[in-house]
Amino acid sequence: MFIVLSRVGAQVMATRVTSEGVHVSEHAVNGLPRFVAEHEPEHPRWVWHDTAEWYPELLRSRVRIQRCFDLRLCHTILRNSALSQSSELAQSEAGAWDALGSGLLSPLEGRPTPAHSTLFDFEQPHVRPAVDPLEVLAEFERQRVALAQSADSSRLARLLAAESVGALIAAEMRFAGLPWSVTAHDVILTEMLGSRPTVEGDRPSKLQYLAEQIRSLLDAPQLNPDSPNDLLRALNVAGIQTSSTRAWELKQLKHPAIEPLLEFKKLSRLLAANGWNWLDAWVHDGRFRPDYVPGGVVTGRWATSGGGALQLPHLIRGAVIPDSGWKLVVADASQLEPRILAAMSADRGMVEAGASGDLYEGIVASGAVETRAQAKLAMLGAMYGATTGESGRLMPKLARAYPRAIRMVEDAARAGERGEVVSTQLGRSSPRGADIGTYDESLTPAQRSAARERGRSWGRFTRNFIVQGTAAEWALCWMASIRIRLDAFADGTWFTDSAHLVFFLHDEVVIHAPVESADAVAALVAEAAQEAGRLLFGALPVTFPLTLAVVDRYDAAK
DNA sequence: TCTGAAGGCGCC
DNA sequence: AAAGGGCGCCTTCAGA
């Protein structure tokens, strides 16, 4: 059973729809949280236009749901998927739901969505777009039909369910927040940079000292080391041959100024990206609440908006500290993408190589390459499309040992070069490439060469798309399975009062768990990883080992 | 004074 | 250590 929610102004409407699309009843809802709480025990699938617009209000009222159908996210998948290409939904002109998917417009009205606030604020009045009930029901019906008529509705249905539960998890993780110690963060910053300057814009003492040292060693008293132009000029004037100021290039050079310069760059980056200003803006009441954007990447990976949550430097992870009496359970899927490739291509040899626990050692044991480092390099090259260097040279060895796996990524690359669409295991398809490889006699040799390079570049994208996208699907299934298992564990208590997900990073999760439940949670996370494998790849005997740690600081894991 | 591109670098 | 894929966000800087 589905319950479709929509609203005009402040009035919420609820429509019951059967799985055959029959509208059973419709009525006005007064008091949304109470209504949802009353009907949740039936475990309907709640249908709404955008989880981020509906669910936070419910969570603030301590109402949680098990299942939803996020029309905005599912619309994007169904319109692009090769499996649902023939549907009316995919064939029709782009409309309001597409603008909504791109984040540009609110649905059905053509006005901009309210900007996300930069600070998490429970009191902030929420501006909501009106969502016409008929439009929401019509879109749900189009999606239902597109799914039913698709070339493989069971795979696609699984993807839509996973994408939707991901949206619930994103809202719940933001609500719960990542436990963050302002004190510990300040200690890290002060040790590395010196104490916080009292005047905004001044450099902390250690950074200031390094800047002076660099100016003196380069004999450039006015130099601003934060300015690439300025710095490049000063380096060249000092006789240092370099065409850029990138750290890895500077590392090749020999000059007394290089070492303090590299240190300056590291610390300057820390200050700018995760210094005291970041702490003021993003950590409140002992929690970091990033704004996750499910489906924010074309491959299906999540993005975040503000706070840079997916780029948390290892340097400051020591500030992630559980509440007193709680632990962090940190789990990271080992060698996820190579294992995904092995499974999706059903390459028995590569699956077998991963069975022992270290896929790269397994590749060495098979005799394909000589060292673990070579195995890793070769696999990265296969998934990213390396053509040069050691990685490129190792590829043929890999192709001989694992023909099915390598053929799969090569085929995806060739398809992309021809401008064709490729798809993940559950049916998320790549965007169509713009005029790939189309060049005629009128082009100059330089233009043809540029066109070929664009084609190859798009091929590297589609090559990686199938692996990265399927890994993202695995991660969604993993988290969904963790969430269900944690619920069983919570036994009816509010989810933040027992073990709950607080962070997600592509192939890694962090769970905030009471001390006494931490070990059981770790076990459940490992079971969920195997279930995710079954959800994607059925009976194929592929394993997804985890690196698991129960810790008192995030940086103590690994 | 604002805006967008470029250079650079953090994460997977 | 990068290369080869995907991102977000900082500062600087040129142009409107």
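Chain letters run A, B, ... following the sequence lines, proteins first and then strands; every chain starts at 1.
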Nearest-nucleotide pick for [X], side chain only, options being [options]:
{"X": "A/H506", "options": "C/dG6, C/dT12, C/dG4", "result": "C/dG6"}
{"X": "A/A303", "options": "C/dG6, C/dG8, C/dG4", "result": "C/dG8"}
{"X": "A/L505", "options": "C/dC7, B/dC12, B/dG10", "result": "B/dC12"}
{"X": "A/S227", "options": "B/dC11, C/dG5, C/dC13", "result": "C/dC13"}
{"X": "A/L377", "options": "C/dG5, B/dC11, C/dA3", "result": "C/dA3"}
{"X": "A/H314", "options": "C/dG5, B/dG7, B/dC12", "result": "B/dC12"}
{"X": "A/W248", "options": "C/dT11, C/dA3, B/dC12", "result": "C/dA3"}

Any-strand Watson-Crick or G-U partner of [N], both distances under 3.5 Å:
{"N": "C/dC9", "answer": "B/dG8"}
{"N": "C/dG4", "answer": "none"}
{"N": "C/dA16", "answer": "B/dT1"}

Please classify the nucleic acid contact of [X] as base, sugar-phosphate, or nothing, using heavy-atom distances under 4.0 Å.
{"X": "A/T388", "answer": "nothing"}
{"X": "A/R246", "answer": "sugar-phosphate"}
{"X": "A/L315", "answer": "nothing"}
{"X": "A/G307", "answer": "sugar-phosphate"}
{"X": "A/G308", "answer": "sugar-phosphate"}
{"X": "A/K265", "answer": "sugar-phosphate"}
{"X": "A/T304", "answer": "sugar-phosphate"}
{"X": "A/R317", "answer": "sugar-phosphate"}

Quiz item: In terms of side-chain geometry, is the basic nitrogen of A/R372 or A/D358 positioned less than 4.0 Å from the acidic oxygen of its partner?
Solution: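 Yes, A/R372 and A/D358 are salt-bridged.
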
Quiz item: Under 3.5 Å, is there an N or O donor on one side and an acceptor on the other linking the side chain of A/R301 and the base of C/dC7?
Solution: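 Side chain to base: no pair below 3.5 Å.
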
Rounded to the nearest angstrom, tell me the gap between atom [atom1] in [X] and atom [atom2] in [N].
{"X": "A/W278", "N": "C/dT11", "atom1": "CH2", "atom2": "P", "answer": "15 Å"}
{"X": "A/E508", "N": "B/dC11", "atom1": "CD", "atom2": "P", "answer": "12 Å"}
{"X": "A/D226", "N": "B/dC9", "atom1": "CG", "atom2": "P", "answer": "11 Å"}
{"X": "A/N274", "N": "B/dG10", "atom1": "CG", "atom2": "C1'", "answer": "8 Å"}
{"X": "A/L270", "N": "B/dG8", "atom1": "CG", "atom2": "C1'", "answer": "16 Å"}

Just checking, any donor-acceptor pair under 3.5 angstrom between side chains of [X] and [Y]?
{"X": "A/Y292", "Y": "A/S305", "result": "no"}
{"X": "A/S268", "Y": "A/D226", "result": "yes"}
{"X": "A/D98", "Y": "A/H75", "result": "yes"}

Quiz item: Among A/V551, A/L328, A/V502, which one satisfies side chain to side chain contact (heavy atoms under 4.5 Å, CB included) with A/P322?
Solution: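 Running side chain to side chain contact (heavy atoms under 4.5 Å, CB included) over A/V551, A/L328, A/V502 with A/P322 returns exactly one hit, A/L328.
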
Practice problem: Please work out whether C/dG5 sits syn or anti, treating a glycosidic angle within 90° of 0 as syn. | Solution: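 For C/dG5, whose glycosidic angle is more than 90° from 0, the conformation is anti.
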
